[in-house]
Amino acid sequence: MKIKLFTLFIFIIFGVSHTNAQDDLKIMSKTDSIFFSKPYPYILPILGDKAHNTKVRMPLPIGVMFNALVGTQYLSLDNMQLGFGNVNSPDNPEMIDLSEFVTFEDITAQTSTYNLRFDTWVLPFLNVYGIVGKTKKANISVTLIDPIPLSVTTEVSGTYVGYGMMAAGAVGPLFISLDANQTYSFNPRLDDPAKVSIAGLRTGPVFKFKNNPKMNITLWAGAMYTNFNSETVGSIRATELAPDAPARIDEMITNLNDWYDNLSPADQLKYYIPYTKLNNGLENIQDSVNNGYIRYSFDKKINNPWNMLIGAQWQINYRWQMRAEAQFLGDRTAGLFSLNYRFGIKGKNWFSKNNM
């Protein structure tokens, strides 16, 4: 009875071959027939032998995937604070709260990144993985409107690590997968790593080749949600913020004074303290620009964290797959290319009937 229930579970909940079992049997190759006539040869996934007995062709249990992504992310900033310091001073600079009067345009981050993903199917329907990667280049453009008109584009790079899991299933001819992961990006300008959480839902059909059962093409559409830790704290050298300093800083001081002079008397009184601190900080940086730095703290967020996605995968054979995906709408636009190699470690399947 337990075996029958598990078989029903495999067919209804987990369609790792992403097709109906009857369709698989119709186009089963001679190699597949030999494969199913023998015991399941790999130690993973757990209970893989029971799925094997239902003649569901599972992916090879272990994979190494190379991913390359190019994209643009739109952000907004709140609760901005700045401090002006000197590298020769052991004291941390006093932070100036600008949240009541600072105004930003939308902030864009154009990213080029690549990573390696190592995964394994621990259950016939559950995959876990780890990620290690590098942000090759991220151009972050910030446009400040008030109190100082300022456009800054800075290029950053760094490494990141992460982990995730994916659950896969099938409803009729359509596969369904739910993926969630979390990564930590490290950058010398940040006090703490930036944490990014992503969840994605994908579904679509799989088209097999009758003359080559090892090969198939999968199409999908879905949605993705992106979230990250809102608080960002770090430092940037004055020469990076204003490479043409001190002339650029002198211009910033002039713009700050013009902004303050154009305020109403009530607003001048309201913003006198932060204006004075900001003006003094810029003057101190101007006097020692080579040793000066700006300490910053702000909360960042994505106004529209959901975006749509479409993609396709070409399975060349059971070991090699190539895929591409486009992410659009919302505040994120990106293109992803992946190359995947899969293999298995042979041995008695863990928790199989033969091992009990």
Side-chain angles (χ1 to χ4, degrees), residues 72-73 75-99 101-113 133-160 184-196 228-259 274-300:
T72 301
Q73 178 75 65
L75 308 171
S76 62
L77 300 185
D78 293 311
N79 301 321
M80 184 73 182
Q81 296 185 58
L82 291 180
F84 300 88
N86 191 296
V87 294
N88 296 323
S89 173
D91 299 326
N92 290 324
E94 179 187 3
M95 301 302 287
I96 308 167
D97 187 359
L98 308 180
S99 57
F101 57 87
V102 70
T103 305
F104 288 98
E105 286 188 349
D106 287 340
I107 298 158
T108 60
Q110 296 181 332
T111 304
S112 174
T113 180
K134 183 175 179 62
T135 300
K136 184 177 180 181
K137 183 176 68 172
N139 290 325
I140 302 176
S141 299
V142 180
T143 300
L144 179 64
I145 300 175
D146 287 323
I148 305 170
L150 178 66
S151 294
V152 178
T153 298
T154 180
E155 183 175 306
V156 299
S157 60
T159 58
Y160 57 92
Y184 299 85
S185 299
F186 300 88
N187 187 285
R189 292 177 179 169
L190 301 179
D191 289 3
D192 299 307
K195 182 173 67 176
V196 180
F228 42 65
N229 56 326
S230 61
E231 185 178 11
T232 299
V233 179
S235 302
I236 184 171
R237 293 295 293 266
T239 50
E240 292 184 66
L241 182 65
D244 52 350
R248 183 70 177 102
I249 295 178
D250 186 61
E251 180 184 349
M252 293 167 65
I253 293 174
T254 300
N255 290 331
L256 176 63
N257 292 332
D258 290 342
W259 168 82
Y275 156 74
T276 302
K277 291 181 178 180
L278 190 58
N279 190 73
N280 291 339
L282 288 171
E283 289 179 348
N284 291 336
I285 289 290
Q286 187 180 37
D287 292 337
S288 57
V289 64
N290 291 326
N291 296 321
Y293 68 92
I294 294 92
R295 182 81 171 161
Y296 56 82
S297 172
F298 56 82
D299 293 334
K300 61 184 182 295

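In what follows, residues are counted from 1 in the order of the sequence shown.
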Just jot down the side chain to side chain contact (heavy atoms under 4.5 Å, CB included) partners of [X], sequence neighbours excluded, or say none.
X      : answer
Asn88  : Asn86, Asn291
Asn79  : Ser99, Asp299
Ile285 : Phe84, Ala238, Ile249

### Task
State, to 0.1 Å, how close Pro93 and Gly83 come at their nearest heavy-atom pair, and which atoms those are.
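Closest approach of Pro93 to Gly83, heavy atoms only: CB-C, 3.9 Å.
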#### Entry: Least distance between heavy atoms, Asp97 atom then Met80 atom
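Taking every non-hydrogen atom into account, OD1-O, 3.6 Å.
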#### Entry: Contact list for residues 276-298, test salt bridge (Lys or Arg N to Asp or Glu O under 4.0 Å), sequence neighbours left out
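Qualifying pairs: Glu94-Lys277, Asp191-Arg295.
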To the closest 0.5 Å, what do you measure between [atom1] ([X]) and [atom2] ([Y])?
X      : Y      : atom1 : atom2 : answer
Gln81  : Ile96  : CD    : CD1   : 9.5 Å
Ser185 : Asn187 : OG    : CG    : 8.5 Å
Asp258 : Ile253 : CG    : CD1   : 12.0 Å
Leu98  : Leu278 : CG    : CG    : 6.0 Å
Leu77  : Ile107 : CG    : CD1   : 3.0 Å

Residue list, side chain to side chain donor-acceptor pair (under 3.5 Å) with [X], at least two apart or on another chain:
X      : answer
Thr239 : none
Asn257 : Tyr275
Thr232 : Lys300
Glu251 : Arg248

Partners passing ring pair (Phe, Tyr, Trp, His ring centres under 6.0 Å) against [X] (at least two apart in sequence or in another chain):
X      : value
Tyr160 : none
Tyr296 : Phe298
Phe228 : none

### Heavy-atom check, side chain of Pro147 versus side chain of Val102, under 4.5 Å
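The answer is yes; the side chains approach within 4.5 Å.
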### Query
Can you name the salt bridge (Lys or Arg N to Asp or Glu O under 4.0 Å) partners of Asp146, sequence neighbours left out?
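Once residues adjacent in sequence are excluded, Asp146 has no partner under the salt bridge (Lys or Arg N to Asp or Glu O under 4.0 Å) criterion.
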